[in-house]
Amino acid sequence: MIDSYRINIKNELDELATVSQKLEELTEKWEVDMGIAMNLSLCLEEALTNVIFYAYPKGESGDILVTFQLESGSVSVGIEDEGIAFNPLTDSKEPDLEASIEDRQIGGLGIHFIKQFMDELDYQRINNKNQIVFSKKI
Amino acid sequence: MELSIEKRGDFTVVSITGRLDTTTAPQLNNELEKVEGDGARSVVIDCENMDYISSSGLRVLLVHLKKLKGAGGKLLLSNIKDSIKEIFVVSGFTSIFSIYDSVDDAMAS
């Protein structure tokens, strides 16, 4: 089965619940394993939260396009924004997982989750837009 | 997400039900600030009914672990579901948090 869904949202945190709910409905419909569905949900939240908080200057309204796609053997999530360039593959600092409690920082965990839990993570900057796509084999 | 707070001896047990995500993490943060403000130094976060956690939730746990340890106290975790244990492993949190199979085990530590 091949299926896809697109949703346009604003860079507002309230949108997260709507988009997460939609992904949950789709993964149920697509009969995705619950563990994989949860990892997809986690990576969606991490990637989208980054865009909502940091892609656009504070107080400025911005558009975000989220796409979900079922292909043969995988589910992919795409997030596109017109904010400042950010390449998660190169611009995100890897968290120091060995640090002591005192030194441990939380930054970078979201992107780390996407790299660890997904099979693919791609980034492109096209026409002044950030395009992130990550996918998981099902 | 729903939170319930129970005082058990010297411990304050905070039970989380539902999703600890970017939208609900501030609620847990506020509640922990409140119990710490009331003097709690030994806190168990019971995760038996927690279905999901993201980095925003982990951030709140880390902030309060540091805060309580700095004040001579402790923050312990219990009953983490297998389905979300991997998130704690991948984040490296299993090596900085003390995680127990039950609230009783945590309190006996």
Side-chain angles (χ1 to χ4, degrees), chain A residues 9 11-21 23-24 27 32-54 64 77 88 92-118 121 136, chain B residues 1-2 16 18-30 32 41 43 45 47 49-77 80-99:
Chain A
I9 59 166
N11 57 333
E12 293 162 9
L13 201 52
D14 291 349
E15 303 270 30
L16 184 62
T18 314
V19 179
S20 297
Q21 178 67 35
L23 176 62
E24 203 177 312
T27 49
V32 175
D33 168 88
M34 274 178 69
I36 292 176
M38 196 183 71
N39 286 345
L40 281 164
S41 180
L42 173 67
C43 294
L44 169 70
E45 178 185 335
E46 301 297 350
L48 198 53
T49 305
N50 270 349
V51 172
I52 290 170
F53 284 151
Y54 306 117
I64 303 167
V77 176
S92 171
K93 200 176 156 195
E94 282 290 324
D96 180 1
L97 304 182
E98 307 294 322
S100 65
I101 294 170
E102 291 74 19
D103 296 333
R104 184 64 202 268
Q105 304 294 316
I106 197 79
L109 255 193
I111 301 296
H112 176 69
F113 284 156
I114 301 172
K115 288 177 180 168
Q116 294 294 316
F117 287 124
M118 295 292 111
L121 166 62
K136 181 75 183 169
Chain B
M1 182 191 70
E2 282 177 26
I16 299 173
R19 290 171 63 95
L20 181 55
D21 62 16
T22 307
T23 52
T24 59
Q27 189 188 337
L28 176 64
N29 185 54
N30 292 343
L32 288 172
R41 290 294 172 265
V43 175
I45 307 281
C47 306
N49 297 306
M50 183 172 79
D51 302 319
Y52 173 93
I53 187 166
S54 67
S55 66
S56 300
L58 294 172
R59 173 184 284 115
V60 171
L61 296 180
L62 181 64
V63 164
H64 288 277
L65 172 68
K66 287 184 180 187
K67 195 172 167 186
L68 283 162
K69 273 191 90 91
K74 52 190 168 185
L75 185 143
L76 313 172
L77 306 179
I80 298 175
K81 286 183 179 176
D82 285 345
S83 55
I84 57 174
K85 206 164 258 174
E86 197 182 359
I87 298 170
F88 282 83
V89 172
V90 167
S91 60
F93 271 41
T94 44
S95 58
I96 53 176
F97 276 92
S98 300
I99 300 173

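Just so it is clear, the values below take in all heavy atoms, side chains as well, and ignore hydrogens, waters and symmetry mates. Naming convention: chains lettered A, B, ... in sequence-line order (proteins, then strands); numbering from 1 in each chain. Because the structure is a prediction, the values reported are computed rather than measured.
Closest heavy-atom contact between B/Ser91 and A/Leu97: O-CD2, 3.3 Å. Residues B/Thr23 and A/Leu16 come closest through the heavy atom pair CG2-CD2, 4.4 Å.
Distance check: B/Ile96 CD1 to A/Ser100 OG gives 8.5 Å after rounding to the nearest 0.5 Å. Annotation: the span from B/Phe93 atom CZ to A/Ile101 atom CD1 amounts to 10.0 Å, rounded to 0.5 Å.
Chain B forms more heavy-atom pairs under 4.5 Å with one residue of A/Glu98, A/Glu45, A/Glu102, A/Met38 than with any other, namely A/Glu45. With respect to chain B, the highest number of heavy-atom pairs below 4.5 Å among A/Ala99, A/Gly110, A/Ser41 belongs to A/Ser41. In terms of heavy-atom pairs under 4.5 Å with chain B, the best-connected choice from A/Asp14, A/Leu42, A/Thr49, A/Ile52 is A/Leu42.
In this structure, the side chain of B/Lys66 engages the main chain of A/Arg104 through a donor-acceptor pair within 3.5 Å.
Residues passing the side-chain hydrogen bond (donor to acceptor under 3.5 Å, both in side chains) test with B/Ser56, sequence neighbours excluded: B/Thr22.
Considering only heavy atoms from C-beta on, B/Ser55 comes within 4.5 Å of A/Glu46 through its side chain. Between B/Glu86 and A/Gln116 the shortest side-chain heavy-atom distance does not fall below 4.5 Å. In this structure the side chain of B/Ile87 reaches within 4.5 angstrom of the side chain of A/Phe117, judged on heavy atoms.
With a threshold of 4.5 angstrom between heavy atoms, B/Ile53 approaches chain A through N, CA, C or O but not through any side-chain atom. Interface residue B/Leu62: only side-chain heavy atoms are found under 4.5 Å from chain A. For chain A, the nearby parts of B/Ser54 are the backbone and the side chain; heavy atoms of each come within less than 4.5 Å.
By the neighbour-count criterion of 12 heavy atoms within 6.0 Å, atom NZ of B/Lys69 is sparsely surrounded, having that number or fewer from other residues, nucleotides or ligands.
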